[in-house]
**Student:** 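Sharing a structure here in structure tokens format.
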Amino acid sequence: MYKIPDTLDEDIARFGLLAGGYRDGQVGAVQFKAFRVPMGIYEQRKDDVYMIRIRATGGVITPEQLLRVIDIARRHGSDLLHITTRQEIQIQNLLLEEIEPILRELKAVGLSAKGGGGNTVRNILVSEGSGIFREEVFDATPHAMALTTRLIAEPDSYLLPRKMKIAFSSDDRQIDYAAINDLGFVAKIRDGKRGFRVYAGGGGGSSPSVGWLLFEFIPESELFAVAGALKKMFSEHGNRKNKHKARLRYIFYKLGEEATLRLIREYCDEARKTVPPFVPEAPVAEALPVVYTPPADITVDSGYPLWKKRYVTAQKQDGYSSVLAPFALGNLPLDNQTRMDAVKKWLHFVAQFGQHTLRFTTTQNIRLRNIPDIALPELYLLLKEAATDIHVPLLANNIVSCTGADTCRLGVALSKGLAAAIRKELMNGSLDTDRLSDVRIHISGCPNSCGQQLWADIGFAGKILRNDRIYPGYQVYLAANRAETPRMAAPVGSINARDVPKFVVKMLTAFLEVQDAYPSLTAWLETEGKARALQLIAEYEKVPDFADDKNYYFDWGAETVFSVIGRGAAECSAGLFDMIDLDLNCINEHRKALETETDRQEINSRLYDVIYSSSRMLLVTRGAEPKTTADAFNMFLKSFIEFGLVDSRYRSIVETARDARRTADFIARRDEIYALADAVTELYKNMDDSLQFKNGKTEEEQKPKTEKRFKDLRGVLCPMNFVQTKILLAAMKFGEDLEIWLDDGQPIANVPGSVRGEGHEVLEQIRTGEYWKVVIRKR
Amino acid sequence: MMDFTPEQIERYSRHILLQDVGVEGQEKISNGKVLVIGAGGLGAPVLLYLAAAGVGVIGVIDGDTVDLSNLQRQVIHFTPDVGKPKVISAKEKIRQINPDVKVIAHHDLFTSENAFELIRDYDFIVDGTDTFPVKFLINDACVIAGKPFSHGGILRFDGQTMTHLPQTACYRCVFHSPPPPNAVPACSQAGVLGAIAGMLGTIQAAEVLKFLTGTGELLADRLLSFNAKTMNFRTVKLHKNRQCPVCGEHPVITELKEAEQTACDLKQR
């Protein structure tokens, strides 16, 4: 295990003081957050509910520690433990006052949460099979442990420009996360000496990249020097002004590959002179082999052989096995007493085989190790009793998904719902998934990379698609190479959400037919598989009309029709730009076609389409979602022409298109139509990140003059914003107007409706940047 | 319009949100003056909810002190209050719930001598007493003075309540005169399920708030009764009695007479 720095007690005490001050209103939210997050404590989606993220280098935790974590969590009112894709465990749903005592109790069992969040050195990953899988070069766990101990004791590890992620791979033919972390170490032996190939600058978020090869080989003694050098270089050159462009890879983008690598190497040379070498500790002789005699009366059921085939891997140590204990989406609920007792029972059972028996995996499960083969039947029965999903194919338990739009503000699609749907489709079908247990399917609810779709064999990232209406869809990614020559999965096209499970099964079925002819799934996906995927995407491209089959317009697990209204501003942008680009592309295609088109009817029709796309293109930025064609024209007239964003001379052409559709004669007005399209495109070009239009009025100018009453209710939560609105309206005369500004999300979703519910008139409701402007007439 | 402070806006936000209450309604509540007669089983929830709602002035009259046997249902009094005048105990709690409220406490009995003077300054009277003679006294005083009031009574598992407004049926229209002494047992003899005091008292409190805000239909010309064992609630339509001795065409009660005090409780005061 890593060693906890001496300063932790002090940090916990300070946390306690700040938390108390925050509760009493003495300490501001921002100040508190600045200390809280680097301590590994996050506020969850619900206000005043907190989560502690416990560091577990390489997913290592002892059975005793995990039992203690369960106990601590339960005593302090948590109902859920959650295993993360970074091999950590979180205690969720906690009240603030419980945090400090929990941190102390965790420390007493050798665990720390510090560095779990914020701009810090995050939990260090290690291949889950490190130390036990036959294929590995050597066990990198001791290196990761020692590096953790060293880095978490250094104060500057908590003051970086942005987070720094480090991963170790013990298998040079399965580099995996070492290639997509800020710093990656891949075990390698040269001239009989242990060492690492080193990658730097990898990452999967915005502007993703696999790591650049920094050193083909460093001896293990230089581990601390290289890690320290990289941290220092990052600290001194990372972008501290813009957190969206702060990760290490942005230095590569800014300075170029060559210059950046040279810079890092200079820091390394410097560090080698001063930083002490890594000296491997003498391997602790784990009590392997454990003498174990199973009880005589163990009888397994018929499910045992298949389970063993699926979930048990023979270790390189003869007579011992590793077993995967799956946890759906990484969740270990604490509120079911029977299940908890059963989980504790198997943890106690595993504990007798030593401390080195558990690892959290990046697929959010627990890998048990060092289990004597003769103890497997008993373990099988215990896992079964704990109701872990051990009767489903491994593939179904290895689907990775972010939390998605149901709990994430940024989400576009319901990724967890899709994961469940794929799982179901995989299990219902006749597909021999046991021949596919290595396949990685990853899903993110939006173009960010929390579900690591760029590192998948088949990956998906939520996006908005549209015909006349919008519907949920996914960008499809194929063929990440996590093996020897790292490469991110590449986007190949978009597919509606409804057909994704079918798509996955058809892809895998096609692969199984030719599996023997290809060295790997990746190899197939790069060639024939990609062709098959494109063919399927084309097949699924046309979705039925809303009137014919509404299923396509509901996301997986959703109870209401798919919509972007009310989504957080930040990400709406992700899907939003897709929507805008769709219309922009339409306009451009029509104009290109019009250059050569001669058929008068066709010309007329295309000109109409240009007006339509121009009108619809930017509606989404005002939060407007037209349901019909006429809607689109009317909303454009209202939100853009009446608001002065687009010149009013275009009013007539838009009205003509609205009223006469394709029957009107547009040919004579071609220039006018093109000018409209140009005006809208120009407006789009001048839109800033907060969806403000530069040639629109500025915020200051928009502030209404005295004739209208005005109140800025941004930052006022529901229902107080409505209460304030009512108070203002109560003091007004019949027919007077009130303008209020509301935040996106709950406020805009609720207040205007409530105002109408009381009989007042809502004259306008316009998105302006990240907030909404609502004008109410008192009735 | 009165100016609510930000704290008051937040405190009363759930009222302000109600379309039928709103700022205007809360203002009426805050300007309201209500007299609660009796700080016992019914008075306790009435006082608590009126205080929480921010009624501007709450008068409370009760001659009793807190007894250990009261605590089973008189939820405004706590164990350390035993021996304390009930009105003092109640005033202390009200201040803690809502410092906005002005409390006028009378440690006294409600009698024919002080009745008119007591009710004079209030908009609405709540009967939270437990003896028939006093209930009739309250009725007569309010009818003669033209004050609206809420009648309430509980026994064992049963409760009943009605609201009188000037010109609507009064308590005497329905129940001509008090039953003979000992014909009907009092709580202290028959017992009462503690929670029904809360059930009935909160209905009375709701009537007060509806009256103050002018919202909804009051229990005027209606008698609501319930039985907590079956949880059947029913309302009976009432009519003004032309022969009513106090509000009929030829009233015989034109001034207040001392109520015969049939002691409710077995314990000596």
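Proteins get letters first, then strands, A, B, ... in listed order; numbering begins at 1 in each. Quick caveat, the model's predicted, so the values are computed rather than measured.
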**Student:** Between B:Phe4 and A:Ile727, is there a side-chain heavy-atom distance shorter than 4.5 Å?
**Tutor:** no

**Student:** Which atoms of B:Glu24 are under 4.5 Å from chain A, going by heavy atoms: the side chain, the backbone, both sets, or neither?
**Tutor:** side chain

**Student:** Just wondering, are more than 12 heavy atoms of other shown residues or ligands nearer than 6.0 Å to NZ in A:Lys33?
**Tutor:** no

**Student:** Tell me the side-chain hydrogen bond (donor to acceptor under 3.5 Å, both in side chains) pairs involving residues 198-214 of chain B, sequence neighbours left out?
**Tutor:** B:Ser150-B:Gln204, B:Thr163-B:Glu207, B:Glu207-B:Lys210, B:Thr213-B:Thr215

**Student:** Has A:Lys726 got a side-chain atom pairing as donor or acceptor with B:Ser13's backbone, closer than 3.5 angstrom?
**Tutor:** no

**Student:** Tell me whether the count of non-hydrogen atoms from other residues, nucleotides or ligands lying under 6.0 Å of NZ in B:Lys229 goes above 12.
**Tutor:** no

**Student:** Please report the interatomic distance CD(A:Glu758) to CG(B:Leu17), rounded to the nearest 0.5 Å.
**Tutor:** 8.0 Å

**Student:** Any pair with a residue in residues 5-20 of chain B that passes salt bridge (Lys or Arg N to Asp or Glu O under 4.0 Å), sequence neighbours left out, goes on the list, sorted by first then second residue, please.
**Tutor:** none

